[in-house]
Each structure stands twice: as C-alpha cells, then as structure tokens.
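To start, the structure itself, in structure tokens.
The sequence lines fix the lettering, A, B, ..., with proteins before strands; numbering per chain opens at 1.
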Amino acid sequence: MDLAKLPNEKKLNLCKRYFKGNHSHKMGCALLPFVWTVNAVWFYNEAFRKPEYEEQKHIRKYVVYSALGSAVWFAVLVTWVTIFQLNRASWGAFADHISFIIPVGTP
Amino acid sequence: MDVEYVVLYSFLIISSVMLINCQQRTKEKMYDKIDAANGCYRRLNATHQIGCTSKRGGSTGVIHYCRDSSDLDFVINVGTAGPYVPVLPTKLFIAEIIEKLITSQKVSGLILHPNNETLDYFTHENQCPNPLTSVENTCGSDSLWNPHGTGLLYRDIPFPIFYVESEDEITKIRKCFDKFNNFDRDNQKDRSLCSLELKSFMYATTNSQTCRRRSNIVTNLNPITFCDPLGDNNIWAALYPLVEGPQRNETEPVRDFKYIVIAARMDTTSMFEKTAGANSPVTGIITLLHTAKLLKSLLKQEDVLKAKTNVLFILFNGETYDYLGSQRMLYDMENGNFPVKGLSDDNNILPVIRPENISLFIELSQLGNSKDNNLYVHYLKSNAEVDNFSSKLQLNNNNIQFHDVPTSLPPSSLNTFLKHNPGLPGLVISDHEKSYTNLFYNSIYDNSSNIEYQYYNVTKGQEIPKNSIQQFITNVSEVVAKSVYEEIMAVNYTGNLVSNVELVNELFHCYLEDPNCKVHSATQKGKLPKAPLSLYVGVDRVAHYISTMTSLTLGWFTGDVEGEGNINCTNKPKNYAFRYYNMSKSIDELTVTLCFKITMNLTEAKSPAFIIEDYDWSSGLYSSWTESVWVDMGG
C-alpha cells in the first residue's frame with residue numbers, strides 16, 4: 001500500500017487500527033508488539049516529516065504510543081531471554097519443560 | 001571449512017598443507033582420514049558426566065608428536081600456535097599428565113597409540129571400583145582392589161581422546177608433524193601447520209536425570225534422544241528344568257526348592273570404544289560355562305529332585321557400572337518377577353524364585369592372573385555353608401591352593417545381594433587376595449597376552465600344555481563342579497570326572513580371537529563379525545551379540561537332548577519353562593544336529609532406576625549410568 005496515495009482520513013484509520021491491533025487484521029495479542037513496531041516505522045514520516053494536516057496530531061500520538069509500547073515490550077523480552085538463558089541450566093526440569101528446543105551438548 | 005564425511009569410526013582428518021596437484025579436489029589434497037581410531041565417549045550417572053567430548057563440529061588442534069613428557073612440556077609451557085593435539089604413547093596416559101593438560105587449556109584433543117611398548121600396568125578404573133554400590137568398608141587402605149587405578153574413566157575430560165592402534169596411521173601423523181611442525185618451533189604460529197580435527201561431539205550433559213528428562217519431553221519441537229540407559233540382558237540357566245511332568249505341554253512347577261547360584265559377570269569397559277576383557281570377565285564366564293557343562297554330566301535330574309536343590313547359573317551384565325545387572329535381577333526376584341514377570345506364586349507355569357530361595361551364592365571372579373596356582377575364597381561373614389563349601393574346594397583342590405580370605409569382599413555381584421541380605425551365604429573365588437593381580441583391569445590391555453592365552457589347534461595335532469591358562473581354568477571348573485556336586489549330594493565325589501580342556505581352549509578362542517569359532521557354530525548358524533565381540537554392556541536399545549552367543553552356549557551346556565534335530569524340534573507346543581533349539585552334537589561333530597531342550601533364558605539388565613516411576617535420583621540406591629548419544633560422529 002502506498003501511503004502517499006491514501007487520503008489523510010484513511011491514514012489515521014490505518015494507523016489507529018495498527019495501534020489497537022484491530023481484530024479484523026487477525027493479529028493476535030502476541031504479535032501486537034511487532035505490529036506496533038511496524039506502525040511506528042511506517043507512519044514515522046507521516047507523523048513527523050510531512051507538513052501539518054488535521055489528522056497528523058492523532059497519527060503522531062499513535063506512532064509515539066506504538067514506538068513506546070514496542071520499546072517496552074522489547075525491553076521485557078530481552079530481559080526475559082537473558083534471565084532464561086543465564087538460568088536455563090540451574091532451573092533444571094522447569095527450564096526444560098518450557099523449552100521448545102533443547103540444545104544438544106549444553107548443560 | 002566445508003568438510004563432510006559420514007563414515008563412522010573414522011573421525012580424524014589430518015589437514016596438512018596443500019600440495020600442488022590439480023587433478024584432485026583441494027579438499028582431498030588437504031585432508032587425510034585416519035582409520036581405526038577408537039574414541040572415548042561420555043557417560044553420565046546421577047551426579048556426574050564423565051568421559052570425553054569434542055566441540056560441536058569437531059575440535060581442531062596442531063599436531064604435536066610426543067616421545068616423552070618433555071615433548072609435552074613444550075605444548076604446555078612454550079608452544080604459541082595452540083591449541084594442540086598431542087600424540088602420546090599410552091605409557092604417558094596417566095592421571096597426572098591428563099590433569100596438567102586439562103588445566104593448561106592449551107590442548108584441544110589427544111591421540112594415544114601403543115607405540116609397541118609393554119606396560120607394567122594400565123587401568124583407569126577407580127582404585128575401589130563401584131565405590132557407591134559396594135558393601136561399605138570392603139575397600140580401603142588394607143585392601144585397595146585396584147591400586148594402580150587412575151580413575152580416569154570417571155574423569156570429565158573437556159577434549160576428545162582417540163586411541164589409534166595402527167602404527168601406520170601414527171607414522172602418517174608423525175611424518176606430517178616432522179614435515180610442517182617440527183622445526184623452527186618458536187615461529188610456529190606464523191606458518192601453516194599440520195593439524196588434526198577430532199569429532200566426537202556428545203549430546204548429553206550434566207547427569208542422567210537431566211539427559212533422560214530431556215529425551216522424554218513431549219512438547220519438544222525437535223525430539224531427540226540425549227542419552228540411553230546402559231543395559232543389556234542377564235543370562236541365566238537352571239541345571240535341571242524348573243518344572244517336571246511327563247508331557248511337553250503338561251508340566252508342573254517344582255516348588256520349595258533351594259537354589260545354589262553360580263554367578264559371574266559378563267562385562268568390562270575401557271576408556272575407548274574397544275574392550276578386551278580377557279581376565280575380567282572372560283575367565284569367569286568360561287569357568288562358569290565349563291562348570292555348568294561338568295555339573296550336567298555329574299548330577300542327574302533325580303539327584304536334583306531328591307535334594308530339592310537346583311543350580312542356577314547366572315551371568316550378570318553391566319556389573320562394571322554399579323552392578324546394574326545384579327541390582328535388576330535382585331529387584332525382579334524381590335518383586336516376584338523372576339524367572340518371568342507377572343506370575344502369581346501359585347501359578348502352574350513356573351516356580352517364582354525369590355532371594356530367600358538362594359542357599360549359596362558362588363561367584364567366579366577374575367581367575368586368569370593366578371600366581372603359582374593360588375586362588376582366594378573371599379567371604380564377608382563366616383557361616384556353616386560358606387566354611388563347608390570352602391573346605392570342599394580345598395579338598396578337591398586339583399593342585400590349586402584355595403586360601404580363605406575372611407571378612408573380605410572384592411567388587412562382585414555378591415555385593416548387591418549382601419547389601420540386601422547380609423546373612424546370605426556367599427563367596428567369591430578369585431585370583432587375588434588383597435588387590436588385583438590383573439594389572440590391566442577394565443582396559444584395552446586386559447587381552448590374551450595378559451592371561452598368557454594362546455590358541456592350540458588340536459585338530460592339527462597341537463597339544464595344550466599342562467601349564468596353560470586353558471588347563472588352569474579347566475581345573476578350576478572341575479573343582480567347583482565337584483564341590484557343588486558334593487554340596488547337593490552330601491557325599492564325597494568318588495567318580496572319575498572327564499573334563500574337556502579342548503572345549504575350554506575353544507571357548508577362549510571364541511571370546512578373545514574369533515567369534516566364528518566352533519562353539520558358536522555349534523549353537524547357531526549365523527555369521528558373526530570377524531573381530532572379537534565387544535564386552536561393553538552398551539545401551540539398552542541395542543541387541544548385543546555377546547550375550548546372545550553366551551546364552552546359547554550356556555543353554556547348550558545345560559540342555560537336555562530331545563532326539564534328532566529337525567524342524568519338529570522348534571515347532572512343538574510351547575512351554576514357558578523351555579526353549580527348543582537345533583544345535584550340533586559337539587564341537588567335533590558340528591554337522592550332527594540334535595534337538596536340545598534348554599532352560600536358559602534372558603532377563604532384562606537395565607537398572608531399576610530407569611523403570612521405577614518417580615525414582616529419587618539423589619538416593620543413590622541403584623545404578624544410574626547412561627551413555628550419551630553422539631549421532632553425528634564422523635570426520
């Protein structure tokens with residue numbers, strides 16, 4: 001989709017839908033942070049670089065929220081991955097049971 | 001580097017400096033495989049991982065050929081081009097040096113070779129084998145069973161080790177080393193060097209509990225086995241059937257019998273993927289087999305029925321690894337699952353044999369390194385049965401001096417039974433008193449020359465000397481057979497026992513040299529591998545030739561002839577007490593086939609730790625050994 005060809009009103013709707021993870025897009029809760037990331041990148045120009053227009057204020061709001069949301073989510077994710085990887089061996093059975101792939105030759 | 005070989009057992013690749021020849025692929029010019037290398041692999045128990053592993057995809061290091069330990073000092077203290085793969089003669093494979101290599105962190109692998117040297121001793125078993133599962137205080141400063149033991153078998157070694165027997169391969173490595181590495185050593189790191197890539201990446205880590213758990217997780221997206229429990233089969237046979245009855249399909253169990261157990265162990269181990277085991281366990285196995293054969297000729301079924309005492313011959317497997325075979329057998333007996341699982345006490349198929357039914361436990365331990373025909377009878381507690389049997393041995397001596405060793409118990413399956421019932425009358429017959437006379441215990445050098453065995457081809461007129469190991473083992477089994485006869489009959493043996501030293505000669509040949517020997521040809525028709533069969537217990541999901549062959553031999557020796565051998569023999573109605581086999585009449589008449597009714601059977605030798613649900617791994621109650629999977633081994 002080429003954003004440039006879209007009327008401003010539809011841009012806002014799109015950005016909003018991406019932020020809210022509208023179900024018509026069939027994006028589940030788990031994928032929402034990825035969608036936020038896409039949203040933030042995709043609408044960055046619209047929100048901050050284009051000359052002002054009426055809906056831009058709202059678009060900007062959604063872009064900022066999306067960016068923040070995904071940043072927080074990534075921070076949580078990185079923290080979890082770090083904790084998990086550092087403690088996988090010492091957590092023993094629990095760690096094995098929540099793993100989908102257990103690496104060979106590693107404690 | 002893109003290298004992919006899929007040949008098992010040839011894990012090594014010499015990469016040497018490229019030579020100019022456009023006809024061959026560069027890869028083939030740069031690399032050379034080393035054949036016939038025996039790797040060291042990882043095993044695990046409830047608390048530890050032991051053995052060796054390479055890095056995933058292989059560990060590479062610069063070859064350093066060492067003649068003595070001073071060459072090794074270069075690797076540890078001076079060499080800058082590391083990591084290295086030292087090539088060592090086996091005499092340098094000692095705990096001190098291995099520890100040094102591990103702590104130096106400059107070594108990425110190790111090659112060992114025999115170097116045509118004779119060693120005084122070579123054993124990497126513990127000084128006290130099976131310390132956790134033996135009866136307490138049976139091994140200490142006054143009786144250290146394996147004083148030369150380095151314990152390296154139980155060390156976690158962070159690099160791969162390969163044993164290369166072929167001196168041609170070693171010469172190849174040495175030449176490469178001399179050509180590219182062995183000059184201007186200070187500047188080694190600035191030039192291309194001859195290196196080795198060793199592959200033996202092990203999947204399992206930490207301990208048995210961890211690797212078994214990981215092998216059984218169903219949510220795993222990539223389900224793979226990390227390790228397998230060690231295990232195989234225990235072999236047992238009764239001297240006479242456990243049932244009686246006129247018709248093949250109308251038999252009744254003989255109940256309320258006592259059983260004299262004659263036991264030996266089936267397995268050995270070594271640092272590498274090759275075993276020898278001439279003294280331990282082969283001398284014990286053969287003595288047991290021949291004793292069975294002799295007793296069959298001495299005792300009649302009426303004698304056994306009258307005395308209400310039968311003889312059980314049991315070969316325990318996996319005894320090297322915390323007595324896993326005897327632990328399982330005892331566990332089965334306690335739970336009423338011996339001889340067959342799940343029979344009630346009053347069933348009409350087989351008698352249920354429990355540990356209490358054993359009246360005497362005679363274990364044949366290592367017998368091949370006897371000094372001046374001295375043998376030792378170890379027992380922990382003196383009681384009437386043991387004293388009685390020991391004096392019978394001394395009376396029937398056959399020029400062998402039997403010495404009592406009271407309050408002594410070498411590593412043996414009897415440990416398992418005494419831990420359960422300290423009052424069980426039991427003794428262990430062995431060639432050692434306070435420490436092993438076998439200086440190569442559980443190593444690749446416990447071979448024919450360790451027991452001075454040499455095959456004599458009797459059909460070509462060779463005579464078996466009186467001082468040979470064959471003759472000695474024949475004599476021992478005669479003494480044991482006569483003594484057991486007297487034990488059951490309660491009279492002195494006065495007959496003239498005819499034993500068969502040629503058979504013993506053949507049996508040694510089967511175990512130590514050629515599996516396609518006369519005895520194996522007599523019991524079955526299949527073709528076996530050319531090399532001696534491995535005596536390592538192995539993992540439970542693989543069938544092992546050695547236990548199949550040994551069980552058939554034991555069955556053959558204890559079986560009853562039921563007429564001509566033909567198709568009807570194996571097709572007759574089923575009876576749970578017997579197996580029917582067409583086998584040769586004797587090793588001299590291989591073409592004459594008879595139908596044998598035999599009581600031999602196999603029971604699973606897998607530690608109870610792996611069959612008890614919710615087994616508490618920290619209890620240390622049962623053997624917990626597993627072996628790591630190493631699917632992608634290949635250079």
Side-chain angles (χ1 to χ4, degrees), chain A residues 1 17-42 65-107, chain B residues 39-44 46-59 156-160 198-228 613-618 626-633:
Chain A
M1 197 185 294
R17 263 161 66 178
Y18 263 65
F19 174 69
K20 290 189 171 167
N22 190 309
H23 286 289
S24 64
H25 281 85
K26 303 229 161 47
M27 296 173 226
C29 172
L31 280 174
L32 194 63
F34 287 108
V35 180
W36 284 343
T37 315
V38 170
N39 204 21
V41 173
W42 199 22
Y65 286 171
S66 294
L68 279 177
S70 61
V72 168
W73 185 78
F74 273 111
V76 171
L77 183 71
V78 167
T79 313
W80 165 247
V81 169
T82 312
I83 292 173
F84 179 69
Q85 289 302 332
L86 289 177
N87 292 296
R88 201 177 56 82
S90 59
W91 285 350
F94 171 67
D96 286 349
H97 287 296
I98 59 170
S99 298
F100 282 117
I101 290 170
I102 300 171
V104 292
T106 343
Chain B
C40 147
Y41 36 86
R42 179 174 281 170
R43 295 186 192 92
L44 309 99
T47 48
H48 289 82
Q49 59 179 39
I50 60 161
C52 322
T53 183
S54 74
K55 291 201 182 94
R56 191 170 198 166
S59 299
D156 182 24
I157 298 169
F159 47 75
L198 309 177
K199 286 187 176 183
S200 63
F201 178 62
M202 297 292 147
Y203 279 19
T205 60
T206 318
N207 55 38
S208 288
Q209 184 187 11
T210 304
C211 68
R212 286 309 297 156
R213 181 182 67 227
R214 289 178 179 178
S215 305
N216 293 325
I217 288 178
V218 281
T219 52
N220 206 326
L221 285 181
N222 180 25
I224 41 171
T225 306
F226 287 76
C227 64
D228 294 298
E613 265 179 62
D614 305 325
Y615 172 70
D616 176 10
W617 294 90
S618 61
T626 54
E627 183 187 302
S628 173
V629 166
W630 71 79
V631 177
D632 284 327
M633 208 181 224

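For A/Tyr65, the OH atom is loosely surrounded, since the number of other residues' heavy atoms within 6.0 Å does not exceed 12.
If you take CD1 on A/Ile102 and CZ on B/Arg214, they are separated by 5.5 Å, rounding to the nearest 0.5 Å. Note that the CG atom of A/Asp96 and the CG atom of B/Asn216 stand 11.0 Å from one another [nearest 0.5 Å].
Top candidate by heavy-atom pairs under 4.5 Å with chain A, chosen from B/Val629, B/Thr206, B/Ile217, is B/Ile217.
In this structure, A/Thr106 and B/Thr205 approach most closely via the heavy-atom pair O-OG1, 2.8 Å.
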